[in-house]
Participant: 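Can you keep this structure in mind? I'll have questions shortly.
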Amino acid sequence: VYEVTVTNRGPGAGTYDLDDALAPGEGVTVVGVQGVVTDTPGSVGVNEAFDGLDDTRIVTGQAISGATTAPVVHTYTVTVRYAADLTDVTIPDTDVCTTEEGTVPGGLNNVATVDWNGNEGSDDECVRPGKPTLDKALVSARPAGDGTWEVVYDLTVGNVGGEATTYDLDDELLFSP
């Protein structure tokens, strides 16, 4: 869930078109747009076909009043469902989410563009979903008597993504008979 805002700080009223292009990185798939809601007074209605991929238009010809004592702000709340399979994806060790080549592997990027009375402006936002990492290290191994051993491992789970995530952890002992 994220918000896209259109703000008019000037005294002149106008109309705008608003687009939002989703650009997921490798390992991330857009499952679908669950919905777009707006607080816009006198809304012309959002484009029901908006999917952020093939149809990036959220609204066309939306009127916005001129600012008098404070800026006029229209907010669009977008809910996108995505799937992330980062098993075979190498997440870059950087805070950068986009490069000249596009969205980094594992990134969730979107670029909103507003066309306001013939003037265009854009803004982007990118997050990286969580990707658990696992490090297993032998702490100790010592004979416990009667041909048995006490073996202690340290399992450390980390997250190289930018968002919280969940994981399941299984550890199978594979000792030779």
Side-chain angles (χ1 to χ4, degrees), residues 1-92 94-132 159-167:
V1 176
Y2 60 93
E3 291 183 343
V4 178
T5 58
V6 177
T7 304
N8 184 2
R9 289 181 173 79
T15 60
Y16 63 87
D17 300 333
L18 177 62
D19 295 318
D20 189 32
L22 303 175
E26 177 188 0
V28 179
T29 305
V30 175
V31 175
V33 173
Q34 304 294 284
V36 180
V37 294
T38 184
D39 65 354
T40 303
S43 173
V44 296
V46 298
N47 173 14
E48 295 298 325
F50 167 74
D51 65 6
L53 299 168
D54 296 320
D55 189 344
T56 60
R57 179 63 48 96
I58 291 179
V59 68
T60 301
Q62 177 61 57
I64 189 167
S65 301
T68 52
T69 59
V72 177
V73 179
H74 293 177
T75 302
Y76 296 84
T77 303
V78 183
T79 303
V80 178
R81 187 176 190 117
Y82 66 91
D85 182 357
L86 306 177
T87 306
D88 296 324
V89 175
T90 301
I91 304 293
T94 176
D95 290 336
V96 175
C97 204
T98 58
T99 65
E100 290 179 8
E101 289 81 39
T103 306
V104 298
L108 300 166
N109 186 38
N110 75 298
V111 179
T113 304
V114 65
D115 184 334
W116 168 282
N117 295 342
N119 297 310
E120 194 173 279
S122 66
D123 194 14
D124 71 321
E125 186 66 36
C126 188
V127 297
R128 296 191 307 185
K131 181 179 180 182
N159 180 4
V160 296
E163 296 292 314
T165 190
T166 60
Y167 62 90

Participant: Apply side chain to side chain contact (heavy atoms under 4.5 Å, CB included) to V30 and V80, showing your working.
Facilitator: CA-CA 7 Å; V30 175; V80 178; 4.0 Å; yes
Participant: Between Y16 and W116, how do the two ring planes meet: parallel, tilted or perpendicular, split at 30° and 60°?
Facilitator: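 Judged by the thresholds at 30° and 60°, the geometry between Y16 and W116 is parallel.
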Participant: Inspect the surroundings of CD in E120 and state if more than 12 heavy atoms from other residues, nucleotides or ligands are less than 6.0 Å away.
Facilitator: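 For E120, atom CD is crowded (more than 12 foreign heavy atoms under 6.0 Å).
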Participant: Determine whether T60 and V44 satisfy the following criterion, side chain to side chain contact (heavy atoms under 4.5 Å, CB included), listing intermediate values before the conclusion.
Facilitator: CA-CA 8 Å; T60 301; V44 296; over 6 Å; no
Participant: Roughly how far, to the nearest 0.5 Å, is the OG1 atom of T56 from the CG atom of L22?
Facilitator: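 Spacing of CG (L22) from OG1 (T56) equals 9.0 Å.
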Participant: Restricting to non-hydrogen atoms, name the atom on C126 and the atom on T103 that form the minimum distance, rounded to 0.1 Å.
Facilitator: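 Minimum heavy-atom contact is SG-CG2, 4.4 Å.
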Participant: Yes or no on side-chain hydrogen bond (donor to acceptor under 3.5 Å, both in side chains) for D124 and N110, after CA distance, side-chain angles and deciding distance?
Facilitator: CA-CA 6 Å; D124 71 321; N110 75 298; over 6 Å; no
Participant: How many angstroms lie between atom OG1 of T75 and atom CD of E3, to the nearest 0.5 angstrom?
Facilitator: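 That separation rounds to 5.5 Å.
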Participant: Checking the side chain of D17 only, and the main-chain atoms of G61 only, is there a donor and an acceptor separated by less than 3.5 Å?
Facilitator: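 Yes: the side chain of D17 pairs with the backbone of G61.
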Participant: Can you name the nearest heavy-atom pair linking A67 to A70, along with the distance?
Facilitator: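 Here A67 and A70 meet closest at CB-O, 3.4 Å.
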Participant: Can you list the steps and then say if T99 with V104 is a side chain to side chain contact (heavy atoms under 4.5 Å, CB included)?
Facilitator: CA-CA 7 Å; T99 65; V104 298; 4.0 Å; yes
Participant: Measure across V28 and G107 and return the closest heavy-atom pair with its distance rounded to 0.1 Å.
Facilitator: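 Heavy atoms only, the tightest pair is CG2-O, 3.9 Å.
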Participant: Could you tell me whether the side chains of D20 and Y2 share a donor-acceptor contact shorter than 3.5 Å?
Facilitator: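 On atom types as modelled, these side chains qualify, holding a pair under 3.5 Å.
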Participant: Check whether D55 reaches the backbone of R57 with its side chain - one donor and one acceptor, N or O, closer than 3.5 Å.
Facilitator: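 Indeed, once roles are kept as given, a pair shorter than 3.5 Å links the two residues.
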Participant: What closest approach, in Å, do P71 and T7 show between heavy atoms, and which atom pair accounts for it?
Facilitator: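 So the minimum-distance heavy-atom pair works out to CB-CG2, 3.8 Å.
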Participant: Using atom types as modelled and distance alone, determine if a side-chain donor or acceptor of T29 lies under 3.5 Å from a backbone N or O of V31.
Facilitator: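 No, T29 side chain to V31 backbone: no donor-acceptor pair under 3.5 Å.
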Participant: Can you name the closest pair of heavy atoms from S43 and Q62 and give their distance?
Facilitator: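 That closest heavy-atom pairing would be CA-OE1, 3.4 Å.
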Participant: Measure the OG1-NE2 distance between T38 and H74 for me, rounded to the nearest 0.5 Å.
Facilitator: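 Going from OG1 on T38 over to NE2 on H74, the span is 7.0 Å.
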Participant: Determine whether T113 and L18 satisfy the following criterion, side chain to side chain contact (heavy atoms under 4.5 Å, CB included), listing intermediate values before the conclusion.
Facilitator: CA-CA 6 Å; T113 304; L18 177 62; over 6 Å; no
Participant: With rounding to the nearest 0.5 angstrom, report the CD1 to OH distance, I58 to Y76.
Facilitator: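 Separation between the atoms: 8.0 Å.
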Participant: Check A63 against T15 and note the closest heavy-atom contact, atom names and distance.
Facilitator: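 A63 and T15 have their closest heavy atoms at CA-CG2, 4.0 Å.
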